[in-house]
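Take a look at the structure below.
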Amino acid sequence: MSAPLPSAECMEIRELAEFVLFANTIDGKLIKSGRLTDEHPGKAIVTPDGPGRPAELGLDGWGERDKVPFHDVRQLRSERDGGLVMHFFANHELLALELMALVLLRFPKAPAKFRRGVAETLKEEQEHVCLYLERMAAVGVEFGELPVSDFFWRAISPMASPLDFVSGLSLTLEQANLDYAPHYARFFAELGDEQTAALMEKIYRDEIGHVKHGLNWFRQWEPTGADDWRAFRQVLAPPLSPSRAKGVGGFNREGRERAGLTTDFIDELEIYNQSKGRCPSVYWFNPTCDLNAGRNVEQTPNAGIVRMRSDLESVAMFLASLDDVVLVERRPSTDFLRSLYCAGIPVPELVEVVPVGGAVPTELRDRQLGDLRPWGWDPESAKKMAPLFAQLSPGARRDPGARWNEGVRGLYAKSFGVEVLRTVLTVSENRELLCPRSAVGCALDTLAEVQTIAAEPSPTGRHVIKADFGASGVRQIIVNSGAFERHQCRWVESAIHEMGAVVVEPWLDRVLDLSAQFEIDDEGTIRLVGITRFLAGGRGRWLGAFLQQMVAGLGIPERRFLYGDGKDDRRLTRIFEVVGEVLAPELQTRGFVGAFGVDAFVYRDETSVFRLKPVVEVNPRFTMGRVALNLAKTVNTARTALWLALPIRHFSDREFSEIARTLKERHPIEMTPDGEQISTGLLFTTDPRSARQFATAMCVGRNLDEVKAMFDGVDERLGAWREHC
């Protein structure tokens, strides 16, 4: 570095800002200004394409030199690695002081007190750059040896007012330093680098003041009259989002409190997420897709379905990644979302949408999207997602007809599952483990045929008749063989008239229920994501799923069947891989891409031998089993964990609120020592405050008996699931 420019005992704020913004040397940008005056603020300038910079620190150099991701130098394997970290921070501080110079030159008529505060903050940022440069030089790192990012400039320089400046720089990018600075202060202290740790501590203290200065002016200028959080979200413009106001190393509540941010603001920011670069996928919970597919029109759901949909819509959060988007009609409470966050469960970006219509939500306008992932494709989701297809990134399937068509519709049919099962039994090498062909069932389209097949003997003396389209466990009846009643005949005729066919199967003595989860890509490659054991009621209705210890509560014979007497832990995996191979060409032919599940069960035949029915239904959509697989990642594998759907329609809001409070107080969440997974406790996974028909909860204990005991002393209707374990 060349010798610094001479200090000025007294300097106009405008003069200082011009030096800092336009100087093409580091020395010029770090000029000592002495006492500042603001008697000649001058005229507003037009924002330049970029600040003055020496060539090695130019903001247009990304194409000429390899980009060095920040995370690649955070490992701190040597002193020099620490210097490279400081290189990134030094550029951030340099950009901050350049942007402060820009706001002084762009808005000469801003309040004098604001301008003086920015100027004094600019001088502190100059000091920060000097301190970074000194430490970098000490470990042999030269400023400019790495390409530097221009993100701060691109995000803040288009500002149309000082409000944009304090929102974008003070409350967003500088607020993130309330996490970065103390994190790296601890990091360097642990490495024995006390000098750099002290530098980061000083920067942390200064940044608290910078955020406070911006917050005070934000509150004066914010025009909507909303609370700080809502106003912040409304004012902040892309490419910035509240996610940029958080850094690494843990969320620092104390620093934000010292800066004057409200508890509500801090709570909301802590759980907020939005993609910082990756094109997000958009998820949406539409559980009526099975029924809509059968009628091939968007249905008006009845009141019960509306309540169920509202209660469970947030389960889509557990399918999404941290930087994805989940569409909801009503955002869960902040307290509920914080309970998930504190339990180590990431909370993606939640965007509220109106129940009907297909308008693009404000939060998604002008954003490039990676994929559209409703619970299932049907006429309703095709309509809902239609406006978003144009925003999909290049290479994504942007044709709505490729997502919902007659071929995809046919995948929902129960008769399709029957055909798949027949093929699986033909090609499988494990026929001795599987059901015989007599257990397959058949699709029929006349009452007479149904009565003939249902009159045939079955192992249990009963048959189940399913409408060709409909959700698992519903739109079906059970008949005694050869003994049709009049109302059952009417039901069959109505189902055939409405859905085109019914499927008749022998009712079997189910022992346990399984669900295999798959993904298929554009090339037709199938991936088995995992297998879950779920709890089902008497007619197959979903009650819950095991997250860990899938064999908990099973006897030794059942365990031996599943795992080949303990010698074949991949037995189920191989069988379901065959199911996937059978499905792959059919799905590809129909243009289906994405997640799907296959329900199966183990039953006891008439000779008391265990057999597996590997395909009961094909669900060309997400399933609760897929949600369970994702939730399982948050739980200690040494524990027994269940994810349960608790029926609450019989309780008043006050009654269930009290029950929920009691359960949470009795069984608080305890994390593993590393804080990464749940070790024990009960966690509601849908908001119990707003639940009307169902609430879901994750229950984690040392064994199954401990999990069952969590519901002792509460209403027995909430513990009805225990008899199905």
Side-chain angles (χ1 to χ4, degrees), residues 311-312 314-315 317-318 332 335-346 512-515 530 532-537 541-554 623-651 655-672 675-689 691 693-725:
D311 290 346
L312 301 181
S314 59
V315 301
M317 291 193 301
F318 309 124
D335 286 346
F336 166 70
L337 295 175
R338 284 203 73 238
S339 71
L340 298 180
Y341 174 85
C342 293
I345 298 177
L512 62 97
D513 295 273
L514 302 170
S515 179
T532 60
R533 173 188 167 198
F534 66 94
L535 301 178
R541 289 177 181 266
W542 192 89
L543 302 176
F546 282 80
L547 304 181
Q548 300 291 1
Q549 306 301 320
M550 187 174 79
V551 297
L554 295 181
T623 71
M624 295 302 233
R626 180 61 178 271
V627 177
L629 285 178
N630 284 11
L631 286 174
K633 300 172 186 176
T634 69
V635 178
N636 183 349
T637 57
R639 298 295 189 242
T640 297
L642 276 77
W643 184 44
L644 301 170
L646 305 175
I648 63 170
R649 59 185 174 275
H650 303 294
F651 302 101
E655 285 174 329
F656 185 67
S657 292
E658 181 61 25
I659 290 172
R661 184 187 63 78
T662 299
L663 287 171
K664 288 188 288 186
E665 287 180 354
R666 288 182 183 176
H667 313 292
I669 290 297
E670 295 184 10
M671 304 296 289
T672 53
E676 296 294 324
Q677 293 181 312
I678 298 171
S679 181
T680 58
L682 183 149
L683 178 71
F684 280 97
T685 49
T686 51
D687 194 345
R689 291 186 181 183
Q693 190 161 320
F694 290 99
T696 65
M698 186 160 55
C699 308
V700 185
R702 293 172 179 81
N703 51 57
L704 183 57
D705 287 340
E706 188 170 290
V707 173
K708 288 182 176 181
M710 289 182 176
F711 291 85
D712 289 346
V714 298
D715 193 288
E716 278 302 309
R717 287 170 290 186
L718 291 181
W721 57 270
R722 292 183 288 195
E723 65 184 85
H724 298 283
C725 287

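The first residue in the sequence is number 1, and the count goes up from there.
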Just say parallel, tilted or perpendicular for the rings of F651 and F656, cut-offs at 30° and 60°.
tilted

R533 side-chain N/O to A552 backbone N/O, donor-acceptor pair under 3.5 Å
yes

For the atom pair CD1 (I345) and OG1 (T634), what is the distance rounded to the nearest 0.5 Å?
4.5 Å

Residue pair F711 / L663, side-chain heavy-atom distance below 4.5 Å:
yes

Residue of the set L642, L644, L683, I669 for which side-chain contact (heavy atoms from CB on, under 4.5 Å) holds with M698
L683

Flag this pair as yes if the NZ/CZ of R689 is under 6.0 angstrom from the six-membered ring centre of F684 and inside a 45 degree cone about the axis; otherwise no.
no

When you measure from the side chain of H724 to the backbone of L543, do you find a donor-acceptor pair of N or O atoms at a distance under 3.5 Å?
no

Distance-only, no hydrogens or angles: does the Q549 side chain make a donor-acceptor pair with backbone N or O of A641 under 3.5 Å?
no

In short, A536 meets D513 closest at the heavy-atom pair CB-OD2, 3.6 Å

S679 side-chain N/O to E670 backbone N/O, donor-acceptor pair under 3.5 Å
no

For S314 and T686, which I'm curious about, is there any donor-acceptor pair between the side chains at under 3.5 Å?
no

Give me the atom names and distance for the closest heavy-atom approach of Q677 to V635.
NE2-O, 3.3 Å

Quick one: pull up NE2 in H667 and OG1 in T662 and give me the separation to the nearest 0.5 Å.
9.5 Å

Does V707 form a side chain to side chain contact (heavy atoms under 4.5 Å, CB included) with F546? I'd like the steps, not just the answer.
CA-CA 11 Å; V707 173; F546 282 80; over 6 Å; no

Which atom names give the shortest non-hydrogen contact between L704 and C725, and what distance separates them?
CD2-CB, 4.2 Å

Could you check if a side-chain atom of V315 sits within less than 4.5 angstrom of a side-chain atom of W643, using non-hydrogen atoms only?
yes

If the threshold is 4.0 Å, N to carboxylate O, is there a salt bridge linking D712 and R722?
yes

Distance-minimising heavy-atom pair for G681 and M710:
O-CE, 3.8 Å

Residues R639 and T680: side-chain donor-acceptor under 3.5 angstrom:
no

Are any of the side-chain heavy atoms of D687 and L337 separated by less than 4.5 Å?
no

Worked check of side chain to side chain contact (heavy atoms under 4.5 Å, CB included) between M671 and I678
CA-CA 4 Å; M671 304 296 289; I678 298 171; 4.0 Å; yes

Closest heavy-atom pair, R702 versus E706, reported as atoms and distance to 0.1 Å, is N-OE2, 3.0 Å

How long is the straight-line distance from CZ of F534 back to CG of L514, given to the nearest 0.5 Å?
7.5 Å

For a quick test of reading the model, state the closest non-hydrogen atom pair linking L547 to A628 and the distance between them.
CD2-O, 3.3 Å

Nearest 0.5 angstrom please: C699 SG to W721 CH2, how far?
6.0 Å

Look at the side chain of Q548 and the backbone N and O of A638, then say whether any donor-acceptor pair between them is shorter than 3.5 Å.
no

Could you measure the distance from the NE2 atom of H650 to the CG atom of L718? Nearest 0.5 Å is fine.
10.0 Å

Expected output: side-chain T623 to main-chain G625 donor-acceptor under 3.5 Å:
yes

Residue pair N636 / V700, side-chain heavy-atom distance below 4.5 Å:
no

